[in-house]
2 protein chains.
Amino acid sequence: MTLSEQQLSLIEEFGVYQENNGFQPAVARVMGLLLVSDRAELTFDEISEALNISKSATSNALNMLLNTGHIEYTTFPGDRKRYFRIKSSNWRDLFEKKMEDLSHLNGLLKRVMDVRKRENPIYDAKLNDFISFLDYMKNRMPSLIHEWEKTRK
Amino acid sequence: MTLSEQQLSLIEEFGVYQENNGFQPAVARVMGLLLVSDRAELTFDEISEALNISKSATSNALNMLLNTGHIEYTTFPGDRKRYFRIKSSNWRDLFEKKMEDLSHLNGLLKRVMDVRKRENPIYDAKLNDFISFLDYMKNRMPSLIHEWEKTRK
DNA sequence: AATTTAGTTCTGTAAATTATGAACTAATGA
DNA sequence: TCATTAGTTCATAATTTACAGAACTAAATT
């Protein structure tokens with residue numbers, strides 16, 4: 001399997017992006033490779049060779065991605081290899097994780113408001129604003145998604 | 001300055017949350033402390049003592065947060081100390097960063113679609129869907145924010 | 001039965017991160 | 001003038017992480 005310059009640099013850029021989302025470097029590169037490769041499904045050895053990472057790193061990365069539900073694999077009769085691919089259903093999950101993350105933040109901020117006893121309540125107004133903003137966004141999400149789905153048909 | 005059990009554990013939880021957003025542990029704790037403390041403004045030594053971190057770690061954390069615009073300070077005549085507080089304007093920025101991050105992702109995904117030559121275009125449909133979904137969300141954001149502002153008045 | 005294949009698991013370690021403590025500075029106060 | 005205050009800077013120590021390489025396993029193939 002050969003990768004173009006563009007594919008290689010996109011793997012790196014996507015890799016860095018996913019490192020910032022908490023993935024290990026090699027794990028993030030595997031995701032990038034499965035995303036940009038011309039073939040949707042790649043074997044263990046193809047991944048290891050394309051990214052120039054050891055078998056142990058490859059094994060670790062693939063198992064991590066399998067456990068977290070980011071990839072899956074198929075097999076073919078009479079072929080012991082597994083063919084790994086990105087779980088396409090996971091795109092929407094990625095968005096939802098960001099939203100859940102904001103929800104988590106909002107939970108923390110609400111507890112902040114409960115816990116602290118500010119002598120000067122001026123500082124509370126802005127924080128309350130933000131909390132209500134996040135609540136509003138969260139409430140609007142389902143209808144937004146619904147509206148988008150309508151535009152698709 | 002004394003902190004309740006609740007405040008202490010909230011500092012830790014918020015700290016972990018911000019570590020996942022790429023902040024150093026001590027930096028994340030300083031943000032947490034400034035957020036939950038009863039007084040909105042704290043001095044260098046109060047921060048250092050409350051969190052039990054060295055002066056150098058405190059200095060590093062405060063300068064980092066000042067440089068990135070997360071905190072600011074006031075001074076008072078005849079008092080050499082600086083009084084640090086969270087920049088309240090930064091709440092909305094936090095949300096915007098998440099949105100920009102999704103925008104960055106979408107840019108990468110569009111390039112993925114350009115670069116790869118999938119023999120089986122079935123895998124492309126889902127990705128295209130997600131790209132269009134992110135575009136839709138981005139376009140709707142300004143009006144959503146506007147709507148929220150109206151509910152506030 | 002021996003070899004190959006498709007991985008996994010187990011050390012070891014290089015590199016990066018994060019914090020400490022000690023020495024320093026620059027301004028203020030006694 | 002000497003001490004104190006409010007920090008900063010630097011060298012270094014302690015962790016953490018991330019991966020390589022070698023040894024291993026379990027199934028299939030020869």
Side-chain angles (χ1 to χ4, degrees), chain A residues 1 8 11-12 14-34 39 41-68 70-85, chain B residues 1 8 11-12 14-34 39 41-68 70-85:
Chain A
M1 183 194 28
L8 285 170
I11 290 169
E12 289 308 310
F14 186 81
V16 168
Y17 178 82
Q18 289 295 54
E19 279 183 51
N20 290 327
N21 279 319
F23 292 94
Q24 291 178 1
V27 174
R29 300 302 179 284
V30 170
M31 296 181 81
L33 172 61
L34 291 176
R39 268 186 298 131
E41 291 170 336
L42 300 179
T43 66
F44 188 103
D45 282 335
E46 284 173 330
I47 293 164
S48 174
E49 280 161 31
L51 296 176
N52 230 314
I53 56 179
S54 67
K55 285 173 70 171
S56 52
T58 307
S59 176
N60 163 62
L62 290 172
N63 286 319
M64 171 137 295
L65 291 170
L66 284 169
N67 287 332
T68 54
H70 287 91
I71 64 170
E72 58 192 355
Y73 63 84
T74 19
T75 52
F76 299 99
D79 184 352
R80 214 145 39 104
K81 287 183 191 113
R82 292 178 293 175
Y83 292 80
F84 298 94
R85 62 163 173 264
Chain B
M1 184 194 27
L8 285 170
I11 289 169
E12 289 308 310
F14 186 80
V16 169
Y17 178 81
Q18 289 295 53
E19 279 183 50
N20 290 327
N21 278 320
F23 291 94
Q24 294 178 1
V27 174
R29 300 300 179 286
V30 170
M31 295 182 81
L33 172 62
L34 290 177
R39 268 186 299 130
E41 292 169 338
L42 300 179
T43 66
F44 188 103
D45 281 335
E46 284 173 330
I47 293 165
S48 173
E49 279 161 32
L51 297 176
N52 230 317
I53 56 179
S54 66
K55 285 173 69 171
S56 49
T58 307
S59 176
N60 164 61
L62 289 173
N63 286 319
M64 173 137 296
L65 291 170
L66 284 169
N67 288 330
T68 54
H70 287 91
I71 64 170
E72 57 192 355
Y73 63 85
T74 18
T75 52
F76 298 98
D79 184 352
R80 225 161 12 119
K81 289 183 190 112
R82 293 178 292 173
Y83 292 81
F84 299 94
R85 62 161 174 265

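Note that the structure is a prediction, hence the values are computed from the model and not measured. Lettering of chains follows the sequences in order, A, B, ..., and the numbering in each one begins at 1.
Atom OH of A:Y17 has more than 12 heavy atoms from other residues, nucleotides or ligands within 6.0 Å.
Atoms CD (A:E49) and C1' (D:dA20) sit 16 Å apart, rounded to a whole Å. When rounded to the nearest whole Å, the span between CG of A:N63 and P of D:dC19 equals 15 Å. The nearest whole Å value for the distance from the CD atom in A:E46 to the P atom in C:dT5 is 15 Å. Rounded to whole Å, atom C1' of C:dT20 lies 17 Å from atom CZ of B:R29. Rounded to whole angstrom, the span from the CD1 atom of B:I47 across to the P atom of D:dA6 amounts to 13 Å. Atom OH in B:Y73 sits about 12 Å away from atom C1' in D:dA6, given to the nearest Å. One can place CG of A:N52 at 13 Å from C1' of D:dC19, the figure rounded to the nearest angstrom. Taking atom CZ on A:F76 and atom P on C:dA6, their separation rounds to 14 Å, with Å as the unit.
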- Item | Stepwise salt bridge (charged side-chain N to carboxylate O under 4.0 Å, His left out) check, B:E19 with B:R29 | CA-CA 9 Å; B:E19 279 183 50; B:R29 300 300 179 286; 2.9 Å; yes
Nucleotides 17-19 of chain C: which of its N/O atoms have a protein N/O under 3.5 Å away?
from	atom 1	to	atom 2	distance (Å)
C:dA19	OP1	B:A26	N	3.0

Restricting both atoms to N or O, compile the protein contacts to nucleotides 23-29 of chain D shorter than 3.5 Å, with distance only.
none

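Here the straight-line distance linking atom CZ of A:F84 with atom CD1 of A:I47 works out to 6.0 Å at 0.5 Å rounding.
Phosphate proximity of C:dT8 to A:R82: present, with a side-chain N or O under 4.0 Å from OP1 or OP2.
Judged by distance alone, the side chain of A:T43 and the main-chain N or O of A:Y83 form no donor-acceptor pair under 3.5 Å. A:N60 contributes no side-chain N or O that, together with a main-chain N or O of A:S56, makes up a donor-acceptor pair within less than 3.5 Å. Remark: side-chain polar atoms of A:S48 are not paired, donor with acceptor, to backbone N or O of A:F44 under 3.5 angstrom.
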